[in-house]
Structures are given as structure tokens and as C-alpha cells.
Amino acid sequence: MEYRSTAPTGKKPKKVRYHFSIVFFAAVIIFGVMFYRYMKDTTLEDVLTQDGEIVVPGASDAEKDEESGQEEQSQNSDNVEDDGAEDGVNPIAESEAVSDEYLQSCVFIGDSIVYGMSSYGIVPASNVYASMSMNVTKAETEPVETQYGDITILEALEADIPENIYILLGSKGAAWLTPSEMYSSYSSFVTKVIELCPDSDIYIIAVPPVTAAKETSVESPVSNSDIDDLNERMLELCNNKGIYFLDLNSYLKDDTGCMPAADAENDGVHFKYSTYEKMVDYILTHTVDGAKS
């Protein structure tokens with residue numbers, strides 16, 4: 001009897017043969033690409049290690065000098081102190097009083113409080129660039145009455161270039177503008193004044209306090225804390241710009257931090273004549289000229 005195989009007689013399937021050389025070559029390429037990308041995004045600080053910790057090499061002397069120079073340049077861009085206020089001079093300290101003639105060399109810029117200086121005859125109208133409606137946001141654009149006609153304050157300064165410039169802005173607008181808003185406009189205006197009159201002695205007069213009644217009034221109350229906030233910003237601005245800060249605010253405050261009612265008009269903001277006299281006395285005893293005497 002013959003036995004025959006029962007296995008299928010069809011063709012066997014072909015085995016897939018892997019060529020080792022191709023696989024190896026592909027692996028090398030992938031590794032090379034990944035290594036290149038890794039090294040491209042990795043700095044020397046990332047790969048240098050010591051006992052498993054990153055070792056950061058110190059900066060070279062040249063790099064340190066360059067960084068120091070960049071920091072000094074950055075500071076100088078914010079501080080304009082050539083021929084201006086020295087470090088630590090602000091607020092201006094009391095000095096030997098200068099004569100009343102000093103006022104003839106000054107121009108006073110501001111709102112209704114400064115305008116009152118000429119109304120009361122404290123200084124000639126030609127030395128005052130102010131208006132009743134002026135506030136810090138309009139200082140660059142609103143015309144005022146001057147000896148050169150109705151022009152802007154900046155145009156008047158360019159025509160005059162006074163020896164001494166006093167700026168008092170902020171009382172008008174304090175009821176509806178925030179200290180931050182006023183500072184932004186103040187900084188822009190003061191920067192332009194410095195550019196026009198680089199050789200002038202420029203003083204920022206602190207915004208004076210208001211009475212306690214004005215702080216609590218129903219109509220347009222003004223906070224002395226907001227005024228103090230603005231004055232602190234003005235002090236910093238003066239230090240950065242190399243100009244002078246006159247702290248009239250502290251001088252006119254009483255023990256409660258407000259302007260005494262006896263020194264203010266009924267509105268709790270504007271000065272009586274006697275208060276203007278105090279203001280002038282304070283100016284004449286807090287000058288750079290007096291300090292040099």
C-alpha cells in the first residue's frame with residue numbers, strides 16, 4: 001500500500017528578508033538628525049556638567065565690562081543731570097533768602113493758582129504763563145495770554161528762554177483725573193520744557209493741599225492722599241530729569257495733613273492773599289541761587 005502526503009501542494013509563501021545594512025543606515029540618519037537638532041537648541045551651559053549638576057561658566061572680563069557699560073547707558077537715558085539737580089538735592093532745602101528781584105528772572109507756569117499770582121500783583125503778568133481753565137492735560141496745547149500774544153506755554157518759553165522756570169499744575173483736574181493720568185501728561189510737558197530750555201533752572205512746585213472741607217465736599221471732592229501720590233511721582237520725575245522739586249505742599253499743611261481753612265478761599269483750593277505771601281517767602285528761601293550764596 002502506498003502512502004501519500006496529505007500536505008497542501010500549493011507554493012510556500014516567500015519570507016520577508018531584512019537587509020541589515022539598510023536598517024543600520026536608516027538608524028544612523030535618524031540619530032544624526034536628532035543629534036543635530038539637539039545640539040542646535042542646546043547651549044554650552046546645558047551640556048557642561050559636574051557631578052550631575054549644570055556648570056555655568058562665568059562671564060569673561062570683556063563681557064562684564066560690556067554689561068556694565070549697557071547698564072550705565074540705560075541709567076543715563078533716564079537721568080538728565082548735566083548742569084541740573086544733583087543727587088539728593090530734592091526736595092530743595094531751605095537756603096539763604098534771595099531778594100525780591102529774583103522774581104523778575106522767573107516765569108511761573110500753571111493753572112488758576114498761578115494765575116492768581118499776577119491777579120494779586122505778586123509778580124508781573126508778563127512773568128506768568130497761566131489761565132483759569134488750564135490743567136495739566138492741556139498744558140501743551142491750550143493758548144494763554146502772554147506778552148507775545150495768545151500762544152501756547154511752550155511757544156512762549158521758546159520766545160523767552162527764562163533764567164528760572166516754576167511749574168505748578170495739578171490743582172485743576174485733581175477732582176476728576178487720577179494721579180497716574182496727571183503724571184503722564186505732566187511728564188510729557190516737563191520733558192518738552194527741558195528740551196526747549198536746557199540751560200534754565202526748572203522747578204516743579206508740589207501741588208498744594210486742599211482743606212478738610214474740600215475733601216468731604218459733595219461737589220467735586222479732592223483727596224489729599226491723591227495729591228500726595230501725585231507729588232511723590234513729581235519728586236521722582238525731578239530726580240530722574242535732573243530738575244528741582246519745591247515741596248510747597250508740606251509747608252502749607254497743618255497737623256491733619258490739610259490746608260488750614262484760614263489760608264484758603266471758600267472753595268477750599270485757591271489761596272488767600274496771605275497764602276500767596278507765604279508761597280513767595282518759601283520760594284525765595286528755597287532756591288539754588290540761595291544755596292550757592
Side-chain angles (χ1 to χ4, degrees), residues 80 82-85 90 92 98-174 177 181-208 230-231 233-234 237-238 240-246 248 269-271 276 279-280 282-284 286-289:
V80 184
D82 291 340
D83 300 324
N90 287 317
I92 294 293
V98 295
S99 69
D100 292 348
E101 294 179 357
Y102 170 82
L103 298 176
Q104 302 299 321
S105 67
C106 303
V107 160
F108 294 90
I109 295 169
D111 48 33
S112 52
I113 289 181
V114 173
Y115 187 81
M117 297 181 73
S118 60
S119 298
Y120 275 117
I122 304 294
V123 294
S126 59
N127 292 60
V128 174
Y129 300 158
S131 71
M132 294 296 291
S133 62
M134 181 64 68
N135 70 59
V136 67
T137 64
K138 301 187 292 185
E140 294 184 29
T141 57
E142 182 172 291
V144 295
E145 185 178 351
T146 74
Q147 58 184 320
Y148 308 105
D150 290 349
I151 56 178
T152 68
I153 294 170
L154 295 176
E155 289 172 335
L157 287 176
E158 188 174 16
D160 194 2
I161 311 294
E163 184 178 346
N164 301 290
I165 301 172
Y166 286 84
I167 305 172
L168 173 51
L169 290 164
S171 296
K172 187 81 170 182
L177 293 170
E181 290 170 332
M182 286 193 286
Y183 172 79
S184 179
S185 297
Y186 220 132
S187 178
S188 175
F189 177 68
V190 168
T191 298
K192 289 180 172 60
V193 172
I194 294 172
E195 291 173 351
L196 284 173
C197 308
D199 297 324
S200 301
D201 285 335
I202 301 172
Y203 296 80
I204 302 297
I205 302 177
V207 180
L230 177 60
N231 284 331
R233 296 168 188 251
M234 291 301 97
L237 178 67
C238 289
N240 289 339
K241 295 294 186 181
I243 58 178
Y244 304 105
F245 184 78
L246 201 64
L248 181 67
V269 176
H270 292 93
F271 296 174
Y276 278 111
M279 177 181 177
V280 170
Y282 190 79
I283 290 173
L284 296 178
H286 292 76
T287 67
V288 179
D289 288 354

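Note that the coordinates shown come from a computational prediction; the quantities given were computed from them, not determined experimentally. The first residue in the sequence is number 1, and the count goes up from there.
Between Pro124 and Gln104 there is a side-chain heavy-atom pair separated by less than 4.5 Å. Between Met132 and Lys172 the shortest side-chain heavy-atom distance does not fall below 4.5 Å. Taking the side chain as every heavy atom from C-beta outward, Leu103 and Leu284 approach each other to under 4.5 Å. Under the 4.5 Å side-chain criterion, counting only non-hydrogen atoms from C-beta, Val190 is in contact with Leu237. Counting heavy atoms from C-beta outward, Glu145 and Ser131 have side chains that stay 4.5 Å or more apart. By the 4.5 Å heavy-atom criterion applied to side chains, Val114 and Ile109 are not counted as neighbours. Between Leu157 and Pro162 there is a side-chain heavy-atom pair separated by less than 4.5 Å. The closest side-chain heavy-atom distance from Ile167 to Ile205 is not below 4.5 Å.
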- Query: Checking side chain to side chain contact (heavy atoms under 4.5 Å, CB included) for the pair Thr137/Met182: CA distance, chi angles, key distance, verdict?
  - Reply: CA-CA 7 Å; Thr137 64; Met182 286 193 286; 5.8 Å; no
- Go through Asp150 and Thr146 one step at a time and tell me if the side chain to side chain contact (heavy atoms under 4.5 Å, CB included) criterion holds. CA-CA 6 Å; Asp150 290 349; Thr146 74; over 6 Å; no
- Please test Val128 against Val123 for side chain to side chain contact (heavy atoms under 4.5 Å, CB included), starting from the C-alpha separation and ending with a verdict. CA-CA 8 Å; Val128 174; Val123 294; 3.5 Å; yes
- Assess whether side chain to side chain contact (heavy atoms under 4.5 Å, CB included) is satisfied between Leu169 and Met134, documenting all intermediate values. CA-CA 8 Å; Leu169 290 164; Met134 181 64 68; 3.9 Å; yes
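Thr152 and Glu142 form no side-chain donor-acceptor contact under 3.5 Å, judged by distance and modelled atom types alone. Ser171 and Asp111 are not linked by any side-chain donor-acceptor pair at a separation below 3.5 angstrom, with hydrogens and angles left out of the test. In the model, Thr287 has no side-chain atom that pairs as donor or acceptor with a side-chain atom of Asp289 under 3.5 Å.
Between the side chain of Ser187 and the backbone N or O of Tyr183, no donor-acceptor pair lies under 3.5 Å. No donor-acceptor pair closer than 3.5 Å links the side chain of Lys138 to the backbone N or O of Pro143.
No more than 12 heavy-atom neighbours from other residues, nucleotides or ligands sit within 6.0 angstrom of CD on Glu158.
Considering CG of Asn127 and CD1 of Ile122, their distance stands at 12.5 Å, rounded to 0.5 Å. Note: Ile194 CD1 to Asp199 CG = 12.5 Å, rounded to the nearest 0.5 Å. Atoms OG and CD1, on Ser119 and Ile113 in that order, are 12.5 Å from each other to the nearest 0.5 Å. Ile92 contributes atom CD1, which lies 9.0 Å from atom NE2 of His286 (distance to the nearest 0.5 angstrom). Note: Ile153 CD1 to Asp160 CG = 13.0 Å, rounded to the nearest 0.5 Å.
Of all heavy-atom pairs between Leu196 and Ile161, the closest is O-CD1, 3.5 Å. Residues Ser185 and Glu140 share a closest heavy-atom pair of O-OE2, 4.4 Å. When all heavy atoms of Ala206 and Leu248 are compared, the closest pair comes out as CB-N, 4.0 Å. Annotation for Ile204 and Cys238: closest pair CG1-SG, 3.4 Å, computed over non-hydrogen atoms.
For the pairing with Tyr166, the ring-ring contact (aromatic ring centres under 6.0 Å, His included) check across Tyr282, Tyr129, Tyr203, Phe245 returns one residue only, Tyr203. Applying ring-ring contact (aromatic ring centres under 6.0 Å, His included) to Tyr276 and the options Tyr115, Tyr120, Phe108 leaves one that passes, Tyr120.
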